[in-house]
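Atoms considered below: every heavy atom in the structure, side chains included; atoms not considered: hydrogens, waters and symmetry mates. All values derive from a computational prediction rather than experimental measurement.
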Amino acid sequence: MYNKVNALIYELILFLCKFYPLKRKPWIRRILQYCLDDWAAFRAEVAIKDVDKQIEALHAEWESEEKEKQKPVYTELPADGSKAQELLGGEMRLSSPWTAETSYKTEPSSSHERN
């Protein structure tokens, strides 16, 4: 745990040094040296919290991508001209996304359609 007041003082001095040349003064340098460990612990905590938020966002993004990949794939082929398919429409398929659609045969596979 760190002293929050020391970390705040260090931050304040760094901010003021942007506008005034305070680091030339020896007592300011001693204050900075005294507060450095608390400021470093504060900055580390801030950085860790930021990384944790980024990790949470990345995990949420990965989960949504994984859900999107798991959605079923719907395909529908046009009617082949037979009476049944004129009435009902072409062949419909619902498959998992990891099954390649090219693995399906486009030719009729049932034995009753062979001549």
Side-chain angles (χ1 to χ4, degrees):
M1 192 67 186
Y2 61 90
N3 186 335
K4 294 178 183 178
V5 174
N6 286 350
L8 177 64
I9 290 171
Y10 197 96
E11 283 284 324
L12 180 64
I13 291 174
L14 287 180
F15 178 75
L16 292 175
C17 284
K18 292 179 183 178
F19 305 105
Y20 307 105
L22 296 176
K23 285 188 178 181
R24 292 183 192 163
K25 303 193 185 287
W27 59 277
I28 293 289
R29 285 194 301 242
R30 276 187 258 136
I31 291 173
L32 288 174
Q33 185 179 6
Y34 179 77
C35 297
L36 179 62
D37 292 337
D38 294 318
W39 176 80
F42 164 72
R43 278 294 170 192
E45 184 177 307
V46 169
I48 288 171
K49 285 181 182 179
D50 185 46
V51 169
D52 286 343
K53 286 180 185 177
Q54 292 175 5
I55 288 171
E56 294 282 332
L58 189 58
H59 282 220
E61 182 180 334
W62 285 347
E63 285 177 14
S64 67
E65 287 175 359
E66 194 64 30
K67 285 180 184 177
E68 187 67 32
K69 287 180 185 177
Q70 297 299 323
K71 286 186 177 180
V73 178
Y74 172 78
T75 55
E76 184 176 355
L77 298 176
D80 65 358
S82 68
K83 181 74 171 169
Q85 286 196 6
E86 283 181 24
L87 296 173
L88 298 173
E91 180 181 355
M92 295 184 292
R93 291 188 178 131
L94 190 60
S95 62
S96 60
W98 53 85
T99 305
E101 288 187 34
T102 57
S103 67
Y104 290 118
K105 296 178 182 177
T106 56
E107 300 174 5
S109 62
S110 62
S111 61
H112 71 280
E113 292 184 17
R114 293 183 190 156
N115 291 331

*Please report the C-alpha distance between Asn6 and Tyr34 in whole Å, then the side-chain angles of each, then the deciding distance to 0.1 Å, and finally whether the side-chain contact (heavy atoms from CB on, under 4.5 Å) criterion is met.*
CA-CA 8 Å; Asn6 286 350; Tyr34 179 77; 3.6 Å; yes

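By the ring pair (Phe, Tyr, Trp, His ring centres under 6.0 Å) test, Phe15 pairs with Phe19, sequence neighbours left out. Scanning for side chain to side chain donor-acceptor pair (under 3.5 Å) contacts around Arg29 gives an empty result, with sequence neighbours left out. Scanning for ring pair (Phe, Tyr, Trp, His ring centres under 6.0 Å) contacts around Trp27 gives an empty result, with sequence neighbours left out.
Under the 4.5 Å side-chain heavy-atom criterion for ILVMFWY residues, a single connected hydrophobic cluster contains both Leu14 and Ile28. Ile55 and Val46 fall into different hydrophobic clusters, defined by Ile, Leu, Val, Met, Phe, Trp and Tyr side-chain heavy atoms under 4.5 Å apart, directly or through other members.
Classification of Glu11 and Lys4 as a salt-bridged pair fails, no side-chain N sitting under 4.0 Å from a carboxylate O. The pair Lys49-Glu45 meets the salt-bridge criterion, with a side-chain N (NZ, NE, NH1 or NH2) lying under 4.0 Å from an Asp/Glu carboxylate O.
Counting only distance, with no hydrogens or angles, the side chain of Asp38 and the backbone of Asn3 share a donor-acceptor pair below 3.5 Å.
Annotation: Glu76, atom CD; neighbour count of heavy atoms from other residues, nucleotides and ligands within 6.0 Å is above 12. Around CD of Glu56, the count of heavy atoms belonging to other residues, nucleotides or ligands within 6.0 Å does not exceed 12.
Residues Arg93 and Val73 form no side-chain contact, since every pair of their non-hydrogen atoms from C-beta on lies 4.5 Å or further apart. Residues Tyr10 and Leu36 form a side-chain contact, since some pair of their non-hydrogen atoms from C-beta on lies under 4.5 Å apart. Side-chain atoms of Leu16 and Lys23, non-hydrogen and from C-beta on, never get closer than 4.5 Å to each other.
Contact record, Leu22 with Cys17: CB-SG, 3.9 Å, taken as the closest heavy-atom pair. Here the closest heavy-atom approach between residue Cys35 and residue Ile9 is recorded as SG-CG2, 4.3 Å.
Atoms OH and NZ, from Tyr20 and Lys25 in turn, are 12.5 Å apart once rounded to the nearest 0.5 Å.
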